[in-house]
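These notes are about the structure you will find just below.
Note that these values count all heavy atoms, side chains included, but never hydrogens, waters or copies made by symmetry. Chain letters run A, B, ... following the sequence lines, proteins first, then strands; residues in each count from 1. For clarity, every value in this text was computed on a predicted model and none was experimentally measured.
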Amino acid sequence: MSNENEHKGEAQKSRDFLREEIDKDLAEGRYKGVITRFPPEPNAYLTIGHTKAICINFGIAEEFGGQYNLRFDDTNPAKEGQEYVDAIKEDIRWLGFEWGEHEYYASDYFPQLYQWAVALIEKGLAYVDDQTADEIRENRGTLKDPGKDSPYRERSIEDNLDLFARMKAGEFSDGAKVLRAKIDMASSNINLRDPVMYRILHIEHHRAGNEWCIYPIYDWAHGQSDSLEGVTHSMCSHEFINNRPLYDWYIEKLGIFPSRQIEFARGNITYTALSKRYDRQLIEEGHADGWDDPRLYTLRGLRRRGCPPEAIRRFWTEVGIARRPNNIDISLLEFCIRDQLNKTATRRMGVLDPLKVVIENYPEGESEELQAINNPEDESAGTRAVPFSRELYIERDDFMEDPPRKFFRLAPGREVRLRYAYFITCTEVIKDDNGEIVELRCTYDPATRGGNAPDGRKVKATMHWVSAQHAVEAEVRLYDRLFKVENPLKAPEGGTWTDNLNPDSLQVLNPCYLEPSLASTEPGSSCQFERLGYFCADSKDHTAEKPVFNRTVTLRDSWARAQKQQQQQKK
RNA sequence: UGCCUCCUAGCACAAUUGGUAGUGCGCCUGAUUCUGGUUCAGGAGGUUCUAGGUUCGAGCCCUAGGGAGGCAGCCA
């Protein structure tokens with residue numbers, strides 16, 4: 001009671017216009033409760049772009065104690081299929097929403113839609129048009145100029161009823177006729193220039209089979225489906241704003257439950273090309289490895305990359321909702337991923353670019369186990385044992401022979417801490433004929449076991465390491481942004497958009513050396529490689545014998561940032 | 001050039017509906033730390049697209065202009 005806001009969580013963020021509109025509708029008694037829907041077309045895999053609509057529709061319904069429906073907008077059998085239905089359901093569940101019994105299909109409404117179409121014909125509000133697709137397009141006019149009435153516009157109701165019935169009966173070939181709403185060919189809103197309601201398609205539907213050869217167009221199916229389901233708030237992206245007058249027209253003329261469509265701006269994200277068309281091209285041309293390529297922003301790709309679903313939901317609440325065009329910085333998503341994983345991911349040690357270290361005063365052939373904390377942010381995660389021995393691997397860039405002033409890590413004569421283990425001091429650098437460093441000789445201080453010096457002396461760096469004889473060999477895939485420019489769809493002069501691809505978006509490291517506990521990681525699960533980043537055991541290729549990890553995102557790294565800045569200054 | 005929507009720090013959004021601008025991310029500084037992570041403290045950064053007008057007072061209302069995006073599938 002002391003602070004009501006504390007219990008509201010996300011909802012206490014200042015209210016966006018959608019929630020305000022719903023508040024108003026409820027207060028005015030326009031609707032008694034809240035029912036929303038997410039209406040995917042089952043013709044592609046979901047991307048992070050779709051999840052904004054899911055989070056808004058499902059999230060708001062949940063918040064208002066209402067109901068949310070998953071409805072497949074399966075009105076175009078030419079492009080749709082069951083495999084997408086299954087994939088979409090799986091992806092939404094992974095995101096964290098459960099629609100329960102409220103799973104619907106526009107195709108289940110085909111009979112009702114047909115009856116309503118007949119009703120509109122009877123009211124003189126719809127007619128069968130014999131014009132070809134080209135003629136219809138020509139007569140629609142342009143953005144500036146009004147359209148022309150179809151020569152078939154004034155057919156009698158009887159003729160229309162008869163023709164429409166025969167369309168349904170399969171008497172006509174694809175494209176021979178359409179049913180159109182009779183509205184206004186001179187409307188400044190092109191959607192109102194006698195929009196097509198039905199087209200003839202002699203194609204089997206993945207659910208309705210061969211029962212139908214006429215299929216409703218989006219505008220004619222969508223609003224009516226909303227109404228049938230009692231959807232109160234049909235929240236969709238901005239590009240449908242010009243369709244709203246038509247949405248309202250159908251509902252009004254039919255006199256059915258008045259669902260309300262409200263539009264919000266879709267979320268554009270820097271460095272991404274969120275569209276099935278572009279993803280498909282990337283896959284077909286081999287720039288990406290399939291719909292679950294970890295560099296893609298499909299939900300399958302994100303999942304395989306190791307992005308937790310909580311991060312995606314958090315991302316959209318951080319972004320907020322507005323009507324203005326936007327371009328969200330991808331680093332906000334990265335922040336959400338790190339923040340989530342920081343709280344939940346167990347810590348492990350893994351060396352990606354190994355440099356051998358021999359502890360000269362550590363007895364040969366011996367080893368011991370040291371206790372390491374699994375997650376400093378979560379005490380309940382407990383501890384584990386990590387083996388230590390005379391020969392170790394450390395990260396190559398944790399050593400510099402001739403370090404600059406602010407480099408705190410290992411260097412000749414310098415003492416650092418090996419995490420959870422000992423202080424070591426570098427005594428000798430061994431190089432090959434090319435002058436390449438191949439090995440370091442060090443000594444350790446047995447008194448610092450566990451990582452602290454009894455005499456209280458400090459070191460400036462703590463480094464991760466792996467015992468050579470106990471290490472597990474693994475492949476690690478370092479993913480980076482797929483594109484090197486913020487807006488990948490903007491082709492460079494004289495080139496195409498794929499010229500924007502980042503050639504270094506995937507770097508495969510092999511062999512990497514990981515602490516032994518990592519071999520038993522479950523495919524798909526995440527952990528932090530200390531000091532490096534968050535990694536995820538690959539859901540396809542990872543096995544105990546041959547571990548494969550994907551880098552989800554690096555840790556924030558102020559040292560790397562400073563380095564980068566220095567390099568840029570030199571230029 | 002028609003219609004629709006929009007314009008507030010680098011990015012995304014707020015501003016109790018007319019009372020001289022805040023939040024998160026990003027950036028910078030410092031403290032803490034067995035992760036150059038986390039956490040904490042502090043800081044920089046805005047002519048609220050422009051110009052007029054109404055008003056004691058305008059980010060908000062009015063007028064004009066500018067800019068961005070969407071719309072001409074028998075796709076959704």
Side-chain angles (χ1 to χ4, degrees), chain A residues 13-16 39-41 43-44 73 75-76 78-80 129 131-133 136-138 140-147 174-180 187-193 195-201 214-215 217-219 221-222 236-245 263 265-268 270 315 317-336 338-339 342-343 347 349 372-373 376-377 406-409 417-421 423 450-452 458-464 528-533 554-562:
Chain A
K13 253 187 114 168
S14 74
R15 285 174 99 63
D16 51 79
E41 184 191 13
N43 74 342
D73 222 331
T75 57
N76 186 1
K79 298 181 175 175
E80 299 155 2
D129 195 346
Q131 292 181 106
T132 65
I136 288 179
R137 181 165 16 84
E138 275 166 34
R140 188 156 27 229
T142 68
L143 294 175
K144 272 166 48 188
D145 309 311
D174 288 7
K177 287 177 166 44
V178 291
L179 184 73
R180 291 229 257 172
S187 173
S188 55
N189 181 339
I190 291 172
N191 292 298
L192 263 20
R193 317 240 263 230
V196 171
M197 296 169 66
Y198 278 99
R199 75 285 218 190
I200 300 172
L201 246 33
I214 55 171
Y215 291 96
I217 283 298
Y218 166 83
D219 287 296
H222 179 70
C236 63
S237 56
H238 213 250
E239 66 217 77
F240 293 102
I241 195 162
N242 294 325
N243 299 59
R244 176 156 34 106
E263 311 80 17
R266 61 167 281 180
N268 302 306
T270 58
F315 174 67
T317 102
E318 291 299 325
V319 164
I321 309 169
R323 269 180 277 230
R324 72 179 89 159
N326 57 64
N327 201 14
I328 306 151
D329 197 328
I330 189 68
S331 65
L332 180 59
L333 208 217
E334 291 167 354
F335 161 78
C336 294
R338 286 191 190 104
D339 195 57
N342 176 51
K343 288 183 279 195
R347 314 289 135 120
M349 291 196 286
I373 293 166
E377 308 294 319
K406 286 197 173 161
F407 182 88
F408 303 144
R409 284 110 93 147
R417 171 168 41 229
L418 293 181
R419 183 143 225 222
Y420 300 122
F423 285 12
N452 286 302
K458 303 282 185 199
V459 288
K460 289 197 96 172
T462 299
M463 295 171 13
H464 62 280
Q528 182 195 106
F529 288 2
E530 296 221 25
R531 305 209 304 137
L532 297 175
T554 61
L555 253 31
R556 274 182 81 222
D557 187 344
S558 46
W559 167 247
R561 209 185 310 140

Worksheet item: So which heavy atom on A/Y215 is nearest to which on A/T75, and how close?
Response: CB-O, 3.5 Å
Discussion item. At 4.0 Å (heavy atoms only), tell me whether A/V196 reaches a base, stays on the sugar-phosphate, or touches nothing.
Written reply: sugar-phosphate
Discussion item. Using a heavy-atom cut-off of 4.0 Å across all strands, would you classify A/A133 as base, sugar-phosphate, or nothing?
Written reply: base
Discussion item. I'd like the P distance from B/rU47 over to B/rA21, given in whole Å.
Written reply: 13 Å
Atom pairs, N/O to N/O, protein against nucleotides 3-6 of chain B, distance under 3.5 Å?
{"from": "B/rU5", "atom 1": "O2'", "to": "A/H238", "atom 2": "NE2", "distance (Å)": "2.8"}

Item to complete: Start with the C-alpha distance between A/I190 and A/N242, add both sets of side-chain angles, then the distance that settles side chain to side chain contact (heavy atoms under 4.5 Å, CB included), and finish with yes or no.
Response: CA-CA 8 Å; A/I190 291 172; A/N242 294 325; over 6 Å; no
Worksheet item: Which part of the nucleic acid, if any, lies within reach of A/E41 when heavy atoms closer than 4.0 Å are counted: base, sugar-phosphate only, or nothing?
Response: sugar-phosphate
Fill in: Span that lies between the C1' atom of B/rU48 and that of B/rU35, in whole angstrom
42 Å
Practice prompt. Report which part of the nucleic acid A/N243 touches: base, sugar-phosphate, or nothing (heavy-atom distance under 4.0 Å, all strands).
Written response: base
Worksheet, complete the sentence: Per the glycosidic torsion and the 90° limit around 0, nucleotide B/rG37 is anti
Worksheet item: Can you tell me if A/R419 and A/H464 form a side-chain donor-acceptor pair at under 3.5 Å?
Response: no
Worksheet item: In whole Å, what separates the C1' atom of B/rG42 from that of B/rA58?
Response: 33 Å
Item to complete: Scan nucleotides 36-45 of chain B nucleotide by nucleotide, 5' to 3', and note B when protein non-hydrogen atoms come under 4.0 Å of the base, S if they reach only the sugar-phosphate, - if neither.
Response: BBS-------
Worksheet item: Within the structure shown, what part of the strands sits under 4.0 Å from A/Y198 by heavy-atom distance: base, sugar-phosphate, or nothing?
Response: nothing
Worksheet item: On a whole-Å scale, what distance lies between the P atoms belonging to B/rG45 and B/rU33?
Response: 32 Å
Item to complete: State whether a side-chain donor-acceptor pair under 3.5 Å links A/R266 with A/S237.
Response: no
Worksheet item: Which is true for A/Q131 with a 4.0 Å heavy-atom rule: it touches a base, it touches only sugar-phosphate, or it touches nothing?
Response: base
